[in-house]
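Quick caveat, the model's predicted, so the values are computed rather than measured. One is the number of the first residue; the rest follow in order along the sequence.
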Amino acid sequence: MRNHLLAALAVAVPSFAIPLVNQLGFTPESEKIVVIPGNDANTLEVRDMAGKVVLSLEAPMVYDWEYSGEEVQTYDISAIKKPGTYRLFRDGYIGNPVVVGEDVYVDVTKAALKWFYFQRAGMALETRYAGKWARAMGHVDDSVIVYGTDLPTAKTVAKANGKPEPKKADAKIIRSQRGWYDAGDYGKYIVNSGITVFTLLEMYEHFPAFVDTLHWNIPREFPKMPELLEEIRWNLDWMLSMQDKDGGVYHKLTSLKFGSSTMPELDGALRYAIEKSLTATLDFAAVMAQASRVYAKFDADFSKRMLKASEVAYYWAKRHPKTLYKQPSDVQTGDYTHGGEDGKDEFAFAATELYRATKKSDYLKDLKQYKFRADGPWWGDVNMLAIYHAALDSADFGAKVGGEARKTLLHVAKELRNVGDTSAYRLPAFPSSWNWGSNSAMANNGIVLLHAYYVTGDKSFLDGAQQCLDYLLGKNPMEISYVTGFGFRSPRFPHHRVSESDFVDDPVPGMLVGGPHLGKQDINLDGTELWKCPNYATADKPALAYIDNRCSYATNEVAINWNAPLAYLAGALQAIYSGHANAVVK
């Protein structure tokens, strides 16, 4: 994309390589990296707005980056600490201004958090809160059908089990209101809500003083509660409604098929609570236990209700350890399952949070049976979420569990840091990071590095986290901030039902799009079009395979589990550099 832009401008301006940098800027004490494609031997000068040279750097070595196929040079301008706006010169002025400021990530943190309000189901978004993105109420979900209890789905279940088709079925109806739309579609999913809520609750646990200073204009139902906890509660209330009387939790609430690009209030498809599952129940148990601790001082009754729901869910899971979700044949919405799933990481996640909440030895005993793995977090593997809290509270978990968690965390973090310190783009990313939602993987890599910083105080881990945020906000081969509404260039056409149908030119700000990768799930294997969309991310390098097109759900969709780590990463770096790290750094 950058090369196409330069080709278009070639007749008007001299050819030069555009510096790739965090487009929002840097805090004074943070690491500050600039990447410039090419192999120019000229000196790089950093000048203030009065034209004074404040830093001069000789040309560094040229590195190849396998993920983009480019030659690049990397400059460290961390010596610049005075707040202000700076420009880069190398045989003439190049690129956009570089900003150094005390509060450079406050606005993007608030926008990333406010986006959850824009994802609320069952609520009209009023102009005084939503501005030009106001919309009518959709998906009240006060009459949700339990899948398999009405006649059409009962017939499908019978057929799948080789049984005679029933002639009649009385639909079981539940109220399952509130919650966040999961992604670009209008479904609500427990598994993905699990890691999302965990990440947001952890943000409050780690930086309460900082988070309490943030306000982003949402309607207040609980005015004595911090705004972040009020927003999270909208989804916790929905999650609680998805628990059956026996303790099991329905996997998701969706229609049978993905709806078209229409506004929520116009989507009239029947909605179903579909199949109780082990993974949904354990993810539910984990975040309800975690939330019970966080909310205790704000609403004791709500806290007790969540803890009870958590324990009941955990013991349902113990009784149903093989109840993994299996997508019914007539359901086409996201299944949130993956190959090799066995629920062991979800058991560890739930046991960790329940032990933190109750200190009951049974949960610690269960956790001792689990072996931590050096795998990063995503919705399909919550092993690292258990590691985080066992490592941070290692004294409470004992030498075996706490020590192993800390050892595993630091092993992963050191590998990430080493990649970031030696790669051309200074990006702590494994080959496995380049998959669906790669931007979320980069944000979660940053969170792993932050946790290593918490337990060691080693600033090199903090620098690694900064490198991850820099990538998301512009230090990438596409020369784009992947967050809508932020930076010099940002996505304009996300795959997001509301954005596609609300007649507003600008997308809601603060959305992290999925990002580049080679999966190309939105292209048929024979190369024909899907969804009658003429453009796809067809590049053959993972860091280049992105396109800002609403049809590219593989690279340009948005999702709650992508926005949560963005908010945490940006907010944590802002909080730490603002002096709010004392509560979490050991």
Legend entry - Which residues share a salt bridge (charged side-chain N to carboxylate O under 4.0 Å, His left out) with Lys318, sequence neighbours left out: Asp366

Legend entry - Geometric class of the Trp379/Tyr336 ring pair [parallel <30°, tilted 30-60°, perpendicular >60°]: perpendicular

Inset, instruction - Please confirm whether the backbone N or O of Val191 pairs with a side-chain atom of His251, one donor and one acceptor, at under 3.5 Å? - result: no

Legend entry - Results of salt bridge (charged side-chain N to carboxylate O under 4.0 Å, His left out) for Asp267 - residues two or more places apart only: none

Legend entry - Close side-chain approach of Leu416 to Phe430, heavy-atom, < 4.5 Å: yes

Legend entry - Stepwise side chain to side chain donor-acceptor pair (under 3.5 Å) check, Trp436 with Glu557: CA-CA 10 Å; Trp436 183 295; Glu557 190 171 9; 4.8 Å; no

Legend entry - Beyond-backbone contact of Met242 with Lys188, side-chain heavy atoms, under 4.5 angstrom: no

Inset, instruction - Using a 4.5 Å cut-off on heavy atoms from C-beta on, say whether the side chain of Met288 contacts that of Glu311. - result: no

Inset, instruction - Look at the rings of Phe372 and Tyr370 and say which category their plane angle falls in: under 30° parallel, 30 to 60° tilted, over 60° perpendicular. - result: perpendicular

Inset, instruction - Determine, stepwise, if the pair Thr281 / Phe284 fulfils side chain to side chain contact (heavy atoms under 4.5 Å, CB included). - result: CA-CA 5 Å; Thr281 302; Phe284 171 97; 5.6 Å; no

Inset, instruction - State which residues pass side chain to side chain donor-acceptor pair (under 3.5 Å) with Gln119; sequence neighbours excluded, sorted by chain then number. - result: His496

Legend entry - Test item: Arg373 and Asp345 side chains (from C-beta on) under 4.5 Å apart, heavy atoms: yes

Legend entry - Euclidean distance, Leu472 CG relative to Ser440 OG, rounded to 0.5 Å: 9.5 Å

Legend entry - Sequence neighbours excluded, every pair satisfying side chain to side chain donor-acceptor pair (under 3.5 Å) that has a member inside residues 106-116: none

Inset, instruction - Quick one: list whatever passes side chain to side chain donor-acceptor pair (under 3.5 Å) with Ser241, sequence neighbours left out. - result: Ser176

Legend entry - Residue pair Leu354 / Leu307, side-chain heavy-atom distance below 4.5 Å: yes

Inset, instruction - Assess whether side chain to side chain contact (heavy atoms under 4.5 Å, CB included) is satisfied between Leu462 and Leu573, documenting all intermediate values. - result: CA-CA 8 Å; Leu462 190 61; Leu573 287 169; 3.6 Å; yes

Inset, instruction - Without swapping roles, check the side chain of Arg271 against the backbone of Val140 for a donor-acceptor pair under 3.5 Å. - result: no

Inset, instruction - Any chance you could measure Asp237, atom CG, to Gln177, atom CD, to the nearest 0.5 Å? - result: 10.0 Å

Legend entry - Tyr272 side chain to Asp150 side chain, donor-acceptor N/O pair below 3.5 angstrom: yes

Inset, instruction - For Asp182 and Gly187, indicate whether the former's side chain and the latter's backbone hold a donor-acceptor pair under 3.5 Å. - result: no

Legend entry - Under the side-chain contact (heavy atoms from CB on, under 4.5 Å) test, residues paired with Arg135 that sit two or more places apart: Leu125, Tyr181, Met263, Pro264, Val498

Inset, instruction - Examine distances only and state if a side-chain atom of Glu230 and a backbone atom of Phe222 form a donor-acceptor pair shorter than 3.5 Å. - result: yes

Inset, instruction - May I ask you to decide if Ala285's main-chain N or O and Ser310's side chain share a donor-acceptor pair within less than 3.5 Å? - result: yes

Inset, instruction - Determine whether Val211 and Met203 make a side-chain contact, defined as any pair of heavy atoms from C-beta on separated by less than 4.5 Å. - result: yes

Legend entry - With sequence neighbours excluded, residues passing salt bridge (charged side-chain N to carboxylate O under 4.0 Å, His left out) with Arg406: none

Inset, instruction - Not counting sequence neighbours, list each pair that qualifies as a ring pair (Phe, Tyr, Trp, His ring centres under 6.0 Å) and has a residue in residues 386-413. - result: Phe198-His389, Tyr355-Phe397, Tyr388-His451

Inset, instruction - Would you tell me whether Glu353 and Tyr314 have side-chain atoms, one donor and one acceptor, within less than 3.5 Å of each other? - result: no

Inset, instruction - Kindly compute the distance separating CG (Leu240) from NZ (Lys308), expressed to the nearest 0.5 Å. - result: 12.0 Å

Legend entry - Whether Thr484 side chain and Met511 backbone form a donor-acceptor pair below 3.5 Å: yes

Legend entry - Any donor-acceptor N/O pair, Ser292 side chain to Ser303 backbone, under 3.5 Å: no

Legend entry - Distance-minimising heavy-atom pair for Ala405 and Ile387: O-CG2, 3.4 Å

Inset, instruction - Look at atom NZ of Lys359 and say whether more than 12 heavy atoms of other residues, nucleotides or ligands are closer to it than 6.0 Å. - result: yes

Legend entry - Modelled atom types, side-chain donor and acceptor of Asp283 and Tyr189, under 3.5 Å: no

Inset, instruction - Identify the two heavy atoms, one from Gly148 and one from Val157, that lie closest to each other, and give their separation to 0.1 Å. - result: CA-CG2, 4.1 Å

Inset, instruction - Any chance you could measure Leu200, atom CG, to Leu113, atom CG, to the nearest 0.5 Å? - result: 6.5 Å

Inset, instruction - Check whether any side-chain heavy atom of Val513 lies under 4.5 Å from a side-chain heavy atom of Asn439, and answer yes or no. - result: yes

Legend entry - Test side chain to side chain contact (heavy atoms under 4.5 Å, CB included) applied to Phe461 and Leu449, Leu450, Val455, the passing residue: Leu449

Inset, instruction - Report yes or no: does Glu227 contribute a side-chain atom to a donor-acceptor pair with the main-chain N or O of Trp216 at less than 3.5 Å? - result: yes

Legend entry - Donor-acceptor contact present, side-chain Tyr295 to main-chain Leu229, <3.5 Å: yes

Inset, instruction - Could you tell me which non-hydrogen atom of Ala443 sits nearest to which non-hydrogen atom of Pro565, and how far apart they are? - result: CB-CB, 3.7 Å

Inset, instruction - Measure the spacing between NE2 of His495 and CG of Asp185 and express it to the nearest 0.5 Å. - result: 7.5 Å

Legend entry - Within-4.5 Å side-chain heavy-atom neighbours: Leu324 and Asp342: no

Inset, instruction - Could you verify whether a donor N or O on one side chain and an acceptor N or O on the other, from Glu221 and Trp234, lie under 3.5 Å apart? - result: no

Inset, instruction - Name all pairs fulfilling the side chain to side chain donor-acceptor pair (under 3.5 Å) condition that reach into residues 559-574, sequence neighbours left out, sorted by first residue then second. - result: Asn192-Asn561, His206-Tyr568, Tyr454-Tyr568, Gln574-Ser578

Inset, instruction - Rounded to the nearest 0.5 Å, what's the gap from CE on Met137 to CD on Glu265? Could you check? - result: 10.5 Å

Legend entry - Exam field: side chain Gln332 to backbone Ser255, donor-acceptor pair closer than 3.5 Å: no

Legend entry - Where Val331 and Ile274 come nearest, the two heavy atoms and their spacing: CG1-CD1, 4.0 Å

Inset, instruction - Step through it carefully: locate the ring centre of Tyr577, locate the ring centre of Tyr105, and say whether they are under 6.0 Å apart. - result: no

Legend entry - Pairing residues for Glu126 by the side chain to side chain donor-acceptor pair (under 3.5 Å) criterion, not counting sequence neighbours: Arg128

Inset, instruction - Please report the closest heavy-atom contact between Phe210 and Gly571, naming both atoms and the distance. - result: CE2-O, 3.5 Å

Inset, instruction - List in chain and number order the residues that pass side-chain contact (heavy atoms from CB on, under 4.5 Å) with Asp301, two or more places apart in sequence or in another chain; answer none if no residue qualifies. - result: Asp299

Inset, instruction - Return the set of residues passing side chain to side chain donor-acceptor pair (under 3.5 Å) with Asp244 (not counting sequence neighbours), or none when no residue passes. - result: Lys172, Lys276

